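The figures that follow rest on heavy atoms only: side chains count, while hydrogens, waters and symmetry mates do not. Given the structure is predicted, the values throughout are model-derived calculations rather than measurements. We count residues from 1, following the sequence as given.
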Amino acid sequence: MDILVTGANGQLGSEIKRIASNGAAHNFTFVDIAEMDLGSDEAIIQYFQNKHFDFVINCAAYTAVDKAEEERTLAYRVNADAVKAIAEICREKGIRLIHISTDYVFDGRGNQPIASSTVPNPLSVYGKSKLAGEQHVLNTLSNAYIIRTAWVYSSFGKNFVKTIARFAKERETLSVVYDQIGSPTYARDLASAILTIIEKIGLGVDQPGIYHYTNEGVISWYDLAVFIVKHYNLPCKVLAIPSEEYKTLAVRPNFSVLDKRKLKETFSIEIPHWHASLLECLEELPA
């Protein structure tokens with residue numbers, strides 16, 4: 001199969017690239033802004049001219065959550081308009097689309113794992129733009145897959161895990177919110193799950209729709225930071241603070257635990273616990 005991966009230099013795209021480099025059975029093409037500028041429908045259409053793929057894995061997104069509050073037009077351009085253009089091309093060319101979305105489409109005001117069927121209610125521009133992208137996919141394609149994830153980290157790119165690991169070595173104290181709860185997602189595990197889904201589709205397990213994926217287990221940002229600091233045996237003290245004391249431009253969901261049963265049962269995927277996956281990632285980061 002021929003598979004196009006957008007957002008190739010991001011965390012998820014980089015992890016798919018790593019798996020593909022280890023002898024994957026498919027033909028992968030990886031693109032980022034240099035090869036396909038999501039800022040222009042014309043650039044997207046131009047890229048697909050005279051090309052055909054069996055799958056597009058759309059990892060590309062505008063993910064600067066706070067900046068999105070000030071750059072609304074750009075956030076919607078990348079997260080919604082470009083997604084619509086890609087979905088329309090997939091429909092015209094008969095390409096299967098796997099689109100990556102986010103827990104930010106929910107308000108996080110509950111206390112039970114959020115099912116994929118739960119009605120979204122985003123609180124931020126980022127979340128609203130990602131929801132708009134989802135809606136374009138659903139309105140354009142009947143056979144697309146949308147995979148929502150949360151708290152993504154990797155040895156690639158910028159993320160909470162790498163930031164805490166760096167700051168804990170530089171500072172005596174760190175203040176981290178204790179009242180935002182979720183499940184971390186190792187981008188490598190998500191990448192593997194996506195490729196497993198493609199394999200299962202090829203074998204006839206084909207049930208398009210919205211799915212959720214994070215690692216197993218639940219933790220707060222504060223407890224996650226404490227775990228990282230303890231792993232490195234650093235003297236840095238982690239202080240627990242409420243969200244209201246950590247001012248950000250964008251409102252974040254307080255409860256982001258996603259219900260993954262639909263994905264696990266449909267595709268018979270075993271999901272690692274965040275503890276084991278985080279240790280694997282930390283071992284790869286510079287000492």
Selection [range] - residue pairs positive for salt bridge (Lys or Arg N to Asp or Glu O under 4.0 Å), sequence neighbours left out:
range            : value
residues 46-62   : none
residues 115-141 : E134-R148
residues 87-96   : R96-D206
residues 214-238 : E216-K260, E216-K264

Assigning hydrophobic clusters by single linkage (Ile, Leu, Val, Met, Phe, Trp, Tyr; side-chain heavy-atom cutoff under 4.5 Å), is [X] placed with [Y]?
X    : Y    : value
Y246 : Y222 : yes
I147 : V137 : no
F267 : I3   : yes
V218 : Y178 : no
L131 : V65  : no

What are the two closest heavy atoms between [X] and [Y], and how far apart are they?
X    : Y    : result
G127 : V105 : O-CG1, 3.9 Å
Y126 : A68  : N-CB, 4.0 Å
P208 : A144 : CB-O, 3.4 Å
A80  : A132 : CB-CB, 3.7 Å
N79  : S129 : ND2-OG, 3.0 Å
I146 : S101 : CG2-CB, 4.0 Å

Taking C-beta and beyond as the side chain, do [X] and [Y] meet within less than 4.5 Å on heavy atoms?
X    : Y    : result
L224 : L278 : yes
K162 : L285 : yes
I271 : D189 : no

Please, which pairs that meet side chain to side chain donor-acceptor pair (under 3.5 Å) have at least one residue in residues 190-201, sequence neighbours excluded?
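Of all non-adjacent pairs touching residues 190-201, those that pass side chain to side chain donor-acceptor pair (under 3.5 Å) are H26-E199.
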
Enumerate the side chain to side chain donor-acceptor pair (under 3.5 Å) contacts for residues 104-116, please, sequence neighbours excluded, ordered by first and then second residue.
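Side chain to side chain donor-acceptor pair (under 3.5 Å) check on residues 104-116 returns D107-N121.
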
How long is the span from the [atom1] atom in [X] to the [atom2] atom in [Y], to the nearest 0.5 Å?
X    : Y    : atom1 : atom2 : result
L97  : L4   : CG    : CG    : 10.0 Å
N9   : I33  : CG    : CD1   : 10.5 Å
T163 : L174 : OG1   : CG    : 10.5 Å
I164 : F227 : CD1   : CZ    : 13.5 Å
R166 : R171 : CZ    : CZ    : 8.0 Å
I95  : N143 : CD1   : CG    : 11.0 Å

Are L234 and K169 close enough, and set up right, to give a side-chain contact (heavy atoms from CB on, under 4.5 Å), and what steps lead you there?
CA-CA 7 Å; L234 295 168; K169 296 167 186 174; 3.7 Å; yes

Any donor-acceptor pair under 3.5 Å linking the side chain of [X] with the backbone of [Y]?
X    : Y    : result
E69  : V125 : yes
E35  : D32  : yes
H231 : L279 : no
T214 : T185 : no
T118 : A115 : yes
S183 : V257 : no
N215 : P272 : yes

Just by distance, no angles: are the side chains of N27 and D2 close enough, under 3.5 Å, to form a donor-acceptor pair?
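Judged by distance alone, the side chains do pair up.
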
Whether the H99 and N58 side chains hold a donor-acceptor pair (N or O, under 3.5 Å, no angle test) is what I'd like checked.
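Present: a donor and an acceptor within the cut-off.
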
Per the ring-ring contact (aromatic ring centres under 6.0 Å, His included) rule, what does the pair list look like for residues 131-173, sequence neighbours excluded?
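Qualifying pairs, neighbours excluded: Y145-Y211, W151-W221, Y153-Y186, F160-W221.
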
Do any pairs count as a ring-ring contact (aromatic ring centres under 6.0 Å, His included) and have a residue in residues 34-55, sequence neighbours left out, and if so which ones?
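Not a single pair qualifies under ring-ring contact (aromatic ring centres under 6.0 Å, His included).
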
Run I100 and I194 through side-chain contact (heavy atoms from CB on, under 4.5 Å) and show every step you take.
CA-CA 10 Å; I100 309 304; I194 292 169; 3.7 Å; yes

Apply side-chain contact (heavy atoms from CB on, under 4.5 Å) to V78 and list each qualifying residue two or more places apart in sequence or on a separate chain.
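V78 satisfies side-chain contact (heavy atoms from CB on, under 4.5 Å) with L38, Y62, L74 only.
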
Only counting residues at least two apart or in another chain, list the ones meeting side-chain contact (heavy atoms from CB on, under 4.5 Å) with A187.
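By the side-chain contact (heavy atoms from CB on, under 4.5 Å) rule, A187 matches Q11, E15, V152, S154.
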
More than 12 heavy atoms from other groups under 6.0 Å of [atom1] on [X]:
X    : atom1 : result
E172 : CD    : no
N22  : CG    : yes
E42  : CD    : no
E270 : CD    : no

Verify side-chain contact (heavy atoms from CB on, under 4.5 Å) between I114 and D103, making sure each step is shown before the conclusion.
CA-CA 9 Å; I114 305 167; D103 62 303; over 6 Å; no

Taking salt bridge (charged side-chain N to carboxylate O under 4.0 Å, His left out) as the definition, give me every residue that meets it alongside E244, ordered by chain and number, with sequence neighbours left out.
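Scan of E244 (salt bridge (charged side-chain N to carboxylate O under 4.0 Å, His left out), adjacent residues dropped) gives none.
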
Going by the rule salt bridge (charged side-chain N to carboxylate O under 4.0 Å, His left out), which residues pair with D66 if we only count those two or more places apart in sequence or in a different chain?
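So D66 forms a salt bridge (charged side-chain N to carboxylate O under 4.0 Å, His left out) with R252.
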
Please step through side-chain contact (heavy atoms from CB on, under 4.5 Å) for the pair L195 and I57, ending with a clear verdict.
CA-CA 10 Å; L195 297 182; I57 305 173; 4.3 Å; yes

